[in-house]
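In what follows, a single structure is set out as structure tokens and then discussed.
Per chain, numbering begins at 1; letters A, B, ... match sequence-line order.
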Amino acid sequence: GQQLNQSPQSMFIQEGEDVSMNCTSSSIFNTWLWYKQDPGEGPVLLIALYKAGELTSNGRLTAQFGITRKDSFLNISASIPSDVGIYFCAGLTSGTYKYIFGTGTRLKVLA
Amino acid sequence: DTGVSQNPRHKITKRGQNVTFRCDPISEHNRLYWYRQTLGQGPEFLTYFQNEAQLEKSRLLSDRFSAERPKGSFSTLEIQRTEQGDSAMYLCASSDRNTGELFFGEGSRLTVL
């Protein structure tokens, strides 16, 4: 099935560092969602974005809706060990309610 | 607990058997989704319902798969004559009619031996 491209695929960072990841598509989206998934669990919604250029924060997380509407970005500031997990983006195009998910960014934090 | 509920959480079955998963969405959500996730991949769309109507199905959903949402509340996903390639996590989600935010359940992990 169709999936969005996420970058990087995985990353190791030191505790306290900031993290950036992105999600890109060849299609224009009108909604972006960001999720975190722990092993064996369902994805948990972190942030929702609805307008091009929108910047939204949730605690140490900040996400942006790219102005081209073909990408989105997630930043995590001052990472902590519980940030470990897989982060997924999901996008929605107009005319459908079918969300397409990214391939995921696996985050590992070194204490 | 008012979140999305799925059961069973784990199912081990032999090839050729039929399995059924159930999903109870968040009560005020009118859209319900089924996704499949294999190891190392993101969730892949299978189908979604708006109330009791099944509005879209993926080509991934072969003839052996059927989903229902008879009264617009809970949904079932049945897989007939299971194959080893059906082994995956089956995720259910429901969405808020106003924001479109998608909320997932804990998933049902299927292992076909």
Examine whether an atom of B/Glu56 lies under 4.5 Å from a heavy atom of chain A, and if so say whether it belongs to the side chain, the backbone or both; otherwise answer neither.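 Only the side chain of B/Glu56 comes within 4.5 Å of chain A.
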Part of B/Ser95 within contact of chain A (heavy atom distance under 4.5 Å):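 Contact with chain A is absent: no heavy atom of B/Ser95 under 4.5 Å.
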For chain A, which candidate among [options] shows the most heavy-atom pairs at distances under 4.5 Å?
options	result
B/Gly40, B/Cys92, B/Gly42	B/Gly42
B/Gln41, B/Arg36, B/His10, B/Gln6	B/Gln41
B/Arg31, B/Arg109, B/Arg9	B/Arg31

Answer yes if [X] and [Y] sit in the same cluster of Ile, Leu, Val, Met, Phe, Trp and Tyr residues linked by side chain heavy atoms under 4.5 Å apart, and no otherwise.
X	Y	answer
A/Ile86	A/Leu46	no
A/Leu92	A/Trp34	no
A/Val84	A/Tyr35	no
A/Ile67	A/Trp32	no
B/Val4	B/Phe45	yes

Tell me whether the count of non-hydrogen atoms from other residues, nucleotides or ligands lying under 6.0 Å of [atom1] in [X] goes above 12.
X	atom1	value
B/Glu68	CD	no
B/Leu113	CG	yes
A/Leu55	CG	yes
A/Gln9	CD	no

Starting from the C-alpha separation in whole Å, work towards a yes-or-no answer on side-chain contact (heavy atoms from CB on, under 4.5 Å) for A/Tyr99 and B/Tyr35.
CA-CA 10 Å; A/Tyr99 281 94; B/Tyr35 282 83; 3.3 Å; yes
task: Report yes if the side chains of B/Thr99 and A/Tyr50 come closer than 4.5 Å at any heavy-atom pair, otherwise no.
output: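 Counting from C-beta outward, B/Thr99 and A/Tyr50 do come under 4.5 Å.
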Q: Decide yes or no for A/Leu45 and B/Phe103: does some side-chain heavy atom of the first lie under 4.5 Å from some side-chain heavy atom of the second?
A: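 In contact.
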(request) Verify the ring-centre separation between A/Phe101 and B/Phe104: is it less than 6.0 angstrom? (result)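 Between B/Phe104 and A/Phe101, the centre distance is under 6.0 Å.
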[X] side, atom [atom1]; [Y] side, atom [atom2] - distance, nearest 0.5 Å:
X	Y	atom1	atom2	answer
A/Tyr97	B/Gln50	OH	CD	6.0 Å
A/Gln37	B/Leu91	CD	CG	6.5 Å
B/Lys57	A/Lys98	NZ	NZ	13.5 Å

Structural part of A/Thr103 lying under 4.5 Å from a heavy atom of chain B:
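For A/Thr103, the contact with chain B is made by the backbone alone.
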query = Of the listed residues (A/Gly104, A/Gly102, A/Ala90, A/Gly40), which shares the most heavy-atom pairs with chain B below a 4.5 Å separation?
reply =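 Top count of heavy-atom pairs under 4.5 Å with chain B: A/Gly40.
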task = Could you walk me through whether A/Leu33 and B/Leu102 pass the side-chain contact (heavy atoms from CB on, under 4.5 Å) test, one step at a time?
result = CA-CA 8 Å; A/Leu33 304 178; B/Leu102 198 62; 3.9 Å; yes
Taking every non-hydrogen atom, the tightest pair across B/Pro43 and A/Gln3:
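Taking B/Pro43 first and A/Gln3 second, the nearest heavy atoms are O-NE2, 3.8 Å.
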